Number of protein chains: 2
Amino acid sequence: MITLRQLRYLTAIAETRHFGKAAKLCHVTQPALSMQIQDLETSLGTQLVERRRGQVALTQSGTDIAEKAFAILAAVADLESHGRAGRAALAGPLRLGIIPSIAPYLLPRALPALHRRYPALTLRIRETQTKALVDELAHGDLDLIVAALPLDRPDFETLAAFEDRFLVARKPRGPDAAKRIDPAALESEHLLLLEEGHCLRDQALSVCGTLSPNLSKAFGASSLSTVMHLVANGYGITLLPEMAAETEGSDKVELVRFSEPEPVRTIGLAWRRSSARGADARALVDVLQEARG
Amino acid sequence: MITLRQLRYLTAIAETRHFGKAAKLCHVTQPALSMQIQDLETSLGTQLVERRRGQVALTQSGTDIAEKAFAILAAVADLESHGRAGRAALAGPLRLGIIPSIAPYLLPRALPALHRRYPALTLRIRETQTKALVDELAHGDLDLIVAALPLDRPDFETLAAFEDRFLVARKPRGPDAAKRIDPAALESEHLLLLEEGHCLRDQALSVCGTLSPNLSKAFGASSLSTVMHLVANGYGITLLPEMAAETEGSDKVELVRFSEPEPVRTIGLAWRRSSARGADARALVDVLQEARG
DNA sequence: GGGCACGATCAGATTACCTTATCGACATGA
DNA sequence: TCATGTCGATAAGGTAATCTGATCGTGCCC
């Protein structure tokens, strides 16, 4: 008979690839963990762990099972937190993930209001790229994430908060320059972008559509602030989310809107379907929308 | 600490609404089950079961938790069957659901081939309407279902098998009648349909689109065979899936194709994402396609 | 009010699980 | 080559979780 304990021990093995360390992680001794893993292998009729010299490895089955075990344990953990669902939204601990191209612009405005309206909320914030956020949310390391939608994860539920326009940031070109810009007009420009992995990079590339020739030259910076300094010094242009305009704008850079239909990205929240964070998400969306004003 | 045992006992309560019967279902004594439920309530910090005179009822929380518990237990059961995934596809027990508007036409052709090619397969077949199949699949009472796609269930994975054309079945109207029919031309006809709940009824209505006036008269029969007899006797027309044409056709009824684009429905398989039935599904699709050939 | 149905509680038995101690295989290095 | 260290498996015995069987208390029905 499979038990949650066995699944917990298996995931510890998956994380540490070491029986002793896994046992320590689970606050038990190594023989206890070894035996549970053996029981699990017997129940499943498959070898899950390859005991090799040096370090252990999961078999193909073991990897698959561990993956599912993570999901099951996350679902059970959500069950445990379900009691909280009966109480008020946005109270108690909440682990929130945010992507880097939103966090510096949204958080300074949203956090004060959030603390004011939900004093019982204990936020723990993590800022990293979408892919990592999604993984950590799925594994139960986060409760809620703020990212650009859609995420294409059927095990997540999502809620759109607002749309964020893309603006073109470039050196000022005098009053005779076009008031609105067509994406096709960017073909001849040198486009500056964030480094690989940032969803903002992919979104900007998608706005610029088929402009493959120049894209190989696309620069990779690690923060929007850096990119904007480069733009200010004439190294090229970039696409700036409107939300960042206030913070990143300067008199050395001109921000121009696209012609209709203006390209946007949808910013929203996501949480595990099995978690009881829907009420929290709806409450948070309200705060975010007000903060954006 | 929550255990799978507690979840199993809770689902038994949800099914029986009776501690004694639930205990029997779990092959334990009633005190054992009572205590586990109490432990679960303590862990969750919520009352799950209302002990009332006569019979017990689940609280709102209890209903929610039981729902999630079903899902978790199904995922664990899928884990247990994962061992089978390593072996050949379509071997061992498989609980297959099929909708009534496909079963009588597809099974007679598919089953012999299926048994010939997969002698190790032990099929248990259930025929009922889509909604029931979907519920039973989600609860883990079925392994795989054959239905019209899409199903709009993010926890299911699906695989399309083939498209099935709709034909118009009517009394013969002589050689001067149109060779192809436009859906709009059905407006003046009396449309005969299956009773409420059959997806074929909804699909046929959708094909006929905006023809609301006649639809309120839409007849409700319990089998396609009945409908076709009515058509043969001049009570109206119906939409017949091409798959059923061979069986249900007769010289008293004329089958006419629609004009392009011909309306079709997509028949396919669905299974729980968490189950390891993908290989089985792919193998089964091959057999179904050949059987239809 | 007696009998009954049903869930809660209690005491003792059973089972599952853990810990400590030890083994055996393998690698490393003097 | 042999001592040494690492790591997972195994063994023995103790502890905690869980079960069973008996009993209690409550509400219901006749």
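Please read all numbers here as calculations on a predicted model, not as lab measurements. Letters go in sequence order (proteins before strands), and every chain restarts at 1.
Considering only side-chain N and O atoms, B/Thr29 lies nowhere under 4.0 angstrom from the phosphate OP1 or OP2 of D/dC19. Regarding contacts with the backbone of D/dA9, a side-chain N or O of A/Arg51 is found under 4.0 angstrom from either OP1 or OP2. The side chain of A/His18 places no N or O atom within less than 4.0 Å of a non-bridging phosphate oxygen (OP1 or OP2) of D/dT6. Between D/dC19 and B/Tyr9, a contact under 4.0 Å exists linking OP1 or OP2 to a side-chain N or O.
For the pair B/Lys68 and B/Asp64, the salt-bridge criterion is not met [side-chain N within less than 4.0 Å of a carboxylate O]. Salt-bridge check for B/Arg272 with B/Asp155: failed, with every basic side-chain N at 4.0 Å or more from each acidic carboxylate O. The pair A/Glu195-A/Arg201 fails the salt-bridge criterion, with no side-chain N (NZ, NE, NH1 or NH2) lying under 4.0 Å from an Asp/Glu carboxylate O.
What separates CD of B/Gln6 from P of C/dA16 is a distance of 17 Å, to the nearest Å. Atom P of nucleotide C/dC17 and atom CG of A/Leu40 are separated by 12 Å, given to the nearest angstrom. The distance from atom CD of B/Gln36 to atom C1' of D/dA16 is 13 Å, rounded to the nearest whole Å. In this structure, CZ of B/Phe19 is placed 17 Å from C1' of D/dC19, rounded to the nearest angstrom. Regarding A/Ile13, its CD1 atom lies at a distance of 13 Å from the P atom of D/dC7, rounded to whole Å. As rounded to whole Å, 12 Å separates atom C1' of C/dA8 from atom CD of B/Glu41. A/Gln38 places its CD atom 5 Å from the P atom of D/dA9, with the value rounded to the nearest Å. Atom-to-atom, CG of A/Leu33 to C1' of C/dC17 comes out at 12 Å; the value is rounded to the nearest Å.
Heavy-atom nearest nucleotides on DNA chain D were determined for B/Met35 and for A/Met35, and the one closer to the 5' end corresponds to A/Met35.
For B/Arg5, counting side-chain heavy atoms from C-beta on, the closest listed nucleotide (D/dG8, D/dC19, C/dT19) is D/dC19. When the nucleotides C/dT9, D/dT10, C/dC18 are ranked by their closest atom to the side chain of B/Pro31, C/dT9 comes out on top.
Between the side chain of A/Gln30 and the base of D/dA9, at least one donor-acceptor pair of N or O atoms lies under 3.5 Å.
Side-chain contact, B/Ser34 with B/Gln30: a donor N or O sits under 3.5 Å from an acceptor N or O.
Inter-residue side-chain proximity for B/Leu96 and B/Arg124 is flagged as unmet; no heavy-atom pair is nearer than 4.5 Å.
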